[in-house]
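Throughout, residue positions are numbered sequentially from 1 according to the sequence presented.
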Amino acid sequence: LTDLKNALAFVYQDGIKFKLTSDLDLTTIAGWNLAKLKGTFDGNNKTLSNVNINQDFNKDVGLFGKLDGAIVSNLTISGATVKGNGNAAVLAGSSNNSSTVSGVVVTGANITGGSDGNIGGLVGLNTTSPTISGSSTAGTLTGALTGIGANSGGLVGLNNSAATTLTNSSSIYNSSSSVNLNVSQSQVGGLVVKNSGSKIDTSFATGNVNFVSPSTFTTYYQDIGGLVGLNTASSTISNSYASGTVSGQENIGGLVGNHESSSIITNSYATGLVKGSTDVGGLVGQSSSSTITGGYSTTNGATAHNYGTNIG
């Protein structure tokens, strides 16, 4: 491909294969995206720059709206601006049906999500056995102070019911995010907001995770973590870490905000400053019916707003 518009005619065809043959600047086709990919997109180590997609009324918003049994590899996306109401991210709004994303780098991104949630730097909704590997994101994820940012993650919004082993079939492995998040809805994670029935291995987040409280805010059960907001449904996090500052009110953790439901954390740590008022921890904010082994934190839990309860 030397012109992405040529791909539109083949968007719904199964098994179609695309390969970038040069770097492309998308400034002149602002708003362009592929609604669905059911084939292979080889970035060929090329760069797409100045991606600008404004569909704040829509779901499944990204360079690809949906990945459906697709393969995307070896691509850099630079200077992207994406706005969507739900399932919104730079690469793909949603990744489904054993899709594979590998070697994709997002830099200089600015993502704004709406009230439908599942907002990510790379993928918004990662579900039904997809895999993300060797990929990273950098930029900011922000929004207005009303109904914005529910389920927001620096790399992925919702990581749901994916792979079952901790080898190369892990749902997310060897990936990272340095995205800074400033949102006003519950459940936020530096890498993934909600890890449900899924696995994260050998991955990290260095961005700051900041809850911005609107004047109408009434919910204090937040689940905000430097790596993952909510780790639930027998999910596993291993060999991973977070180093950014994390701030919120309840269930605030340097690594994981809320760790529950037979989930496991192994050989993982957090080093960032943690701020909150209730159920705040340097590693995990709240943990119930779950396991932590070989994990540690180098911060003393809450270092601001430390007038609250269950601070550790």
Side-chain angles (χ1 to χ4, degrees), residues 7 11-18 33-43 48 51 53 55 58-77 80 82 84-106 109 111 113 116-137 139 141 151-165 168-177 179 189 191-201 203 205 228-229 233 235:
V11 63
Y12 289 106
Q13 291 190 25
D14 292 357
I16 194 74
K17 295 182 179 181
F18 301 103
N33 75 326
L34 281 171
K36 181 183 288 188
L37 178 67
K38 301 185 71 174
T40 299
F41 191 97
D42 180 2
L48 297 178
V51 175
I53 303 168
Q55 297 183 15
N58 207 0
K59 292 187 68 173
D60 291 321
V61 178
L63 179 66
F64 303 101
K66 294 182 180 181
L67 299 179
D68 186 359
I71 298 172
V72 181
S73 62
N74 304 321
L75 175 67
T76 296
I77 303 173
V82 176
N85 191 44
N87 294 355
V90 173
L91 179 69
S94 63
S95 180
N96 309 274
N97 299 327
S98 302
S99 292
T100 299
V101 175
S102 63
V104 176
V105 176
V106 173
I111 308 115
D116 280 357
N118 298 337
I119 315 302
L122 186 73
V123 173
L125 173 62
N126 199 49
T127 189
T128 57
S129 300
T131 300
I132 295 174
S133 65
S135 298
S136 64
T137 54
L141 194 156
N151 290 0
S152 297
L155 187 81
V156 171
L158 174 58
N159 191 40
N160 183 50
S161 298
T164 57
T165 65
N168 286 3
S169 59
S170 298
S171 55
I172 297 174
Y173 73 100
N174 193 29
S175 295
S176 65
S177 174
V179 169
L191 187 79
V192 173
V193 60
K194 184 176 180 180
N195 194 41
S196 179
S198 302
K199 300 178 185 295
I200 297 171
D201 184 44
S203 297
V228 173
S235 292

Problem set entry | Non-hydrogen side-chain atoms of L34 and L63 separated by less than 4.5 Å | no
Exercise. Below 4.5 Å, heavy atoms only, C-beta onward: do V193 and V228 meet side chain to side chain?
Worked result: no
Seminar exercise, completed: Closest heavy-atom pair, V90 versus V82, reported as atoms and distance to 0.1 Å, is CA-CG2, 4.0 Å
Problem set entry | Counterpart residues, side chain to side chain donor-acceptor pair (under 3.5 Å), relative to S177 (two or more places apart) | T137
Exercise. If you round to the nearest 0.5 Å, how far is CG of N160 from NZ of K194?
Worked result: 7.0 Å
Exercise. Side chains of S94 and D60: is there a donor and an acceptor less than 3.5 Å apart?
Worked result: yes
For this session: Measure across G84 and I119 and return the closest heavy-atom pair with its distance rounded to 0.1 Å.
Result: O-CD1, 4.5 Å
Seminar exercise, completed: Value for OG1 (T40) from CD1 (I16), rounded to nearest 0.5 Å, stands at 9.5 Å
Problem set entry | Pairwise distance OG(S152) to CD1(I111) - rounded to 0.5 angstrom | 9.5 Å
Report, one line per pair, each donor and acceptor closer than 3.5 Å where one atom sits in a side chain of residues 64-73; sequence neighbours left out.
from	atom 1	to	atom 2	distance (Å)
D68	OD1	N97	ND2	2.7

For this session: List in chain and number order the residues that pass side chain to side chain donor-acceptor pair (under 3.5 Å) with D42, two or more places apart in sequence or in another chain; answer none if no residue qualifies.
Result: none
Problem set entry | side-chain contact (heavy atoms from CB on, under 4.5 Å) between L155 and I172, intermediate numbers included | CA-CA 10 Å; L155 187 81; I172 297 174; 3.9 Å; yes
For this session: State, yes or no, whether a side-chain contact exists between L48 and T76 at a heavy-atom distance under 4.5 Å.
Result: no
Exercise. With a 4.5 Å limit on heavy-atom distance, are the side chains of Y173 and I132 in contact?
Worked result: no
Problem set entry | Verdict with reasoning, Q55 to I53, per side-chain contact (heavy atoms from CB on, under 4.5 Å) | CA-CA 6 Å; Q55 297 183 15; I53 303 168; 4.0 Å; yes
Exercise. Step by step, would you call L91 with V101 a side-chain contact (heavy atoms from CB on, under 4.5 Å)?
Worked result: CA-CA 9 Å; L91 179 69; V101 175; 3.7 Å; yes
For this session: Rounded to the nearest 0.5 Å, what's the gap from CG on N126 to OG on S171? Could you check?
Result: 6.5 Å
Exercise. Excluding sequence neighbours, so at least two apart, what forms side chain to side chain donor-acceptor pair (under 3.5 Å) with N174?
Worked result: none
Seminar exercise, completed: In terms of heavy-atom contacts, V106 and A109 come closest through CG1-CB, 3.7 Å
Exercise. Hey, what do you get for CG (N87) to OG (S95), rounding to the nearest 0.5 Å?
Worked result: 11.0 Å
Problem set entry | Partner residues of A89 under the side chain to side chain contact (heavy atoms under 4.5 Å, CB included) criterion, sequence neighbours left out | none
Exercise. Will you find, in the side chains of N85 and N58, an N or O donor that is under 3.5 Å from an N or O acceptor?
Worked result: no
For this session: Kindly give the heavy-atom pair with the smallest separation between S175 and L191, and that separation in Å.
Result: O-CD1, 4.3 Å
Problem set entry | With S176 via side chain to side chain contact (heavy atoms under 4.5 Å, CB included) - residues at least two apart | S136, F204
Problem set entry | side-chain contact (heavy atoms from CB on, under 4.5 Å) evaluation trace for I77 with V105 | CA-CA 6 Å; I77 303 173; V105 176; over 6 Å; no
Exercise. Say you draw a straight line from NZ of K38 to CG of D14; how long is it, rounded to the nearest 0.5 Å?
Worked result: 4.0 Å
